[in-house]
Number of protein chains: 2
Amino acid sequence: MTTARPLRADAQRNRARVLAAAERVFAERGTAASTEEVARAAGVGVGTVFRHFPNKEALLQALVVQRLARVAADAREHATSPDAGAAFFDFFATVVHGSGTKLELVDALAELGIEPNEAVAPVAEEVTEAVAALLQRAQHAGAVRRDIDVRTVIALLAGASQAHRYAPDDRPLAVILDGLQGPIAQ
Amino acid sequence: MTTARPLRADAQRNRARVLAAAERVFAERGTAASTEEVARAAGVGVGTVFRHFPNKEALLQALVVQRLARVAADAREHATSPDAGAAFFDFFATVVHGSGTKLELVDALAELGIEPNEAVAPVAEEVTEAVAALLQRAQHAGAVRRDIDVRTVIALLAGASQAHRYAPDDRPLAVILDGLQGPIAQ
DNA sequence: TTGCAACCGGAGTGATCAGTCCGTATCCTC
DNA sequence: GAGGATACGGACTGATCACTCCGGTTGCAA
């Protein structure tokens, strides 16, 4: 909890550049891309990358945190909508469409032998809470079936994003959204 | 199309051992695990691994082919069931449950910069055809909505498997299967 | 403006990994 | 069971990568 002095202006700028470059590079060439490649894309030396992120794992984690934070923000934005059902479904679609390579990173981390740990946990919590709020409201409004929980919704978010990569149209998403409303009443 | 002479007995045995070991090792430790680790797990020298599979990429591909072949076989098995709807849904659930790390490998290949190429294409075709047959029958029987195609089903198979990893119960699957039947008739 | 702490770049280091090579062992044919 | 073809093991090689280190640069406070 040591509140460090604020970064110097150039350091702040470089940190942001590295993060942005890392997102591009890892999305395009996979997480096996070298740190040097990231540095080059950021217009920065490798030393600078490692000064801001002690190792590659930390860089990957920072990326995951950034993305999860965006999802949480998306969820909170949709929370203000008057139509509870639409809010939930719009949010769901937004995440899937904007996913790109979003959830691959989580897998990448898992593959590297890192479980969602202390660095990611707080944001994961944030996401869970924001989605839970959205879900509960939609369920109360009768727009979403009542027999599922946040955990299931988040799993389906990951699943829908994955499906979207295999068939980049909206049909898989449509099927899942229909399923979220409930089984067809015979 | 050069039909090679059959492998010597020990070569055949070793090839199978390597494949089995590779499946275990890559599932447990990710595809970044070294070839030497695979060799050790197979009780074999690295040279033997590379004799059977010219490079790591080829080994990964062989694994993917093996798994896709299993899915195709599963699909064909279910094709004989008298209940077209149950056949389709049972098949879907079987793949998701048995997936384990099944579809991660496809991603792994993609991450390595390899698209489903000539080596994988024939099996992919097999899977597509077998699933298409199952789907068509289920649609005719009125068990599955008519506005989706094989492509979508396969994408959902991948998505459901992914979701299953995040929430290893049957709720995500149930949602997707419900969605496959159709939207709730308001 | 000056002085110094904070930051930068990138050559260098050690470790790891995919893939090769060849002397040795094993299988199979006759 | 002998001989030749086939396959094996594992030390070795070259390339690559994560990460370090330090001489030089830059931002900022006074």
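Note on naming: letters A, B, ... go to the chains in the order of the sequence lines (proteins, then strands), and numbering restarts at 1 for each one.
The salt bridge (Lys or Arg N to Asp or Glu O under 4.0 Å) check on B/Arg137 picks up nothing, with sequence neighbours excluded. Under the rule for a side-chain contact (heavy atoms from CB on, under 4.5 Å), the partners of A/Arg51 that lie at least two apart in sequence or sit in another chain are A/Thr48. Every side-chain contact (heavy atoms from CB on, under 4.5 Å) that B/Ala41 has, sequence neighbours left out, goes to B/Ala21, B/Arg24, B/Val25. Applying the side-chain contact (heavy atoms from CB on, under 4.5 Å) criterion to B/Ala141, with sequence neighbours excluded, gives B/Ala84. Shown here are the salt bridge (Lys or Arg N to Asp or Glu O under 4.0 Å) partners of A/Asp147, two or more places apart in sequence or in another chain: A/Arg145. With sequence neighbours left out, B/Ala138 forms a side-chain contact (heavy atoms from CB on, under 4.5 Å) with B/Phe88, B/Val144.
Chaining together hydrophobic side chains whose heavy atoms lie under 4.5 Å apart leaves B/Leu7 on its own. Applying the 4.5 Å side-chain rule to ILVMFWY residues, one finds B/Val46 in the same cluster as B/Phe50.
Residues of residues 33-47 of chain B that place a heavy atom closer than 4.0 Å to DNA chain C, in numerical order, are B/Ala33, B/Ser34, B/Thr35. Residues from residues 48-55 of chain A with heavy atoms under 4.0 angstrom of DNA chain C, sorted by number: A/Thr48, A/Arg51, A/His52.
Annotation: A/Gln66, atom CD; neighbour count of heavy atoms from other residues, nucleotides and ligands within 6.0 Å is above 12.
Using modelled atom types, one finds a donor on one side chain and an acceptor on the other under 3.5 Å when comparing B/His97 with B/Asp170. Judged by distance alone, the side chains of B/Arg165 and B/Gln162 do bring a donor and an acceptor atom under 3.5 Å apart.
Straight-line distance from the NZ atom of B/Lys56 to the C1' atom of C/dT16: 11 Å, rounded to whole Å.
Checked for salt-bridge contact, A/Arg70 and A/Glu23 meet the test: a charged N lies under 4.0 Å from a carboxylate O. The residues B/Arg8 and B/Asp10 are annotated as salt-bridged, a charged nitrogen and a carboxylate oxygen being separated by less than 4.0 angstrom.
In this structure, A/Asn14 reaches the C/dC8 phosphate: one of its side-chain N or O atoms is under 4.0 Å from OP1 or OP2.
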Output one letter per nucleotide in nucleotides 25-30 of chain C: B when a protein non-hydrogen atom lies under 4.0 Å from the base, S when only the sugar-phosphate is that close, - when neither is. -BSS--
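Think of the region where chain A sits on DNA chain D: with heavy atoms and a 4.0 Å cut, that region ends 5' and 3' at D/dC17 to D/dC28.
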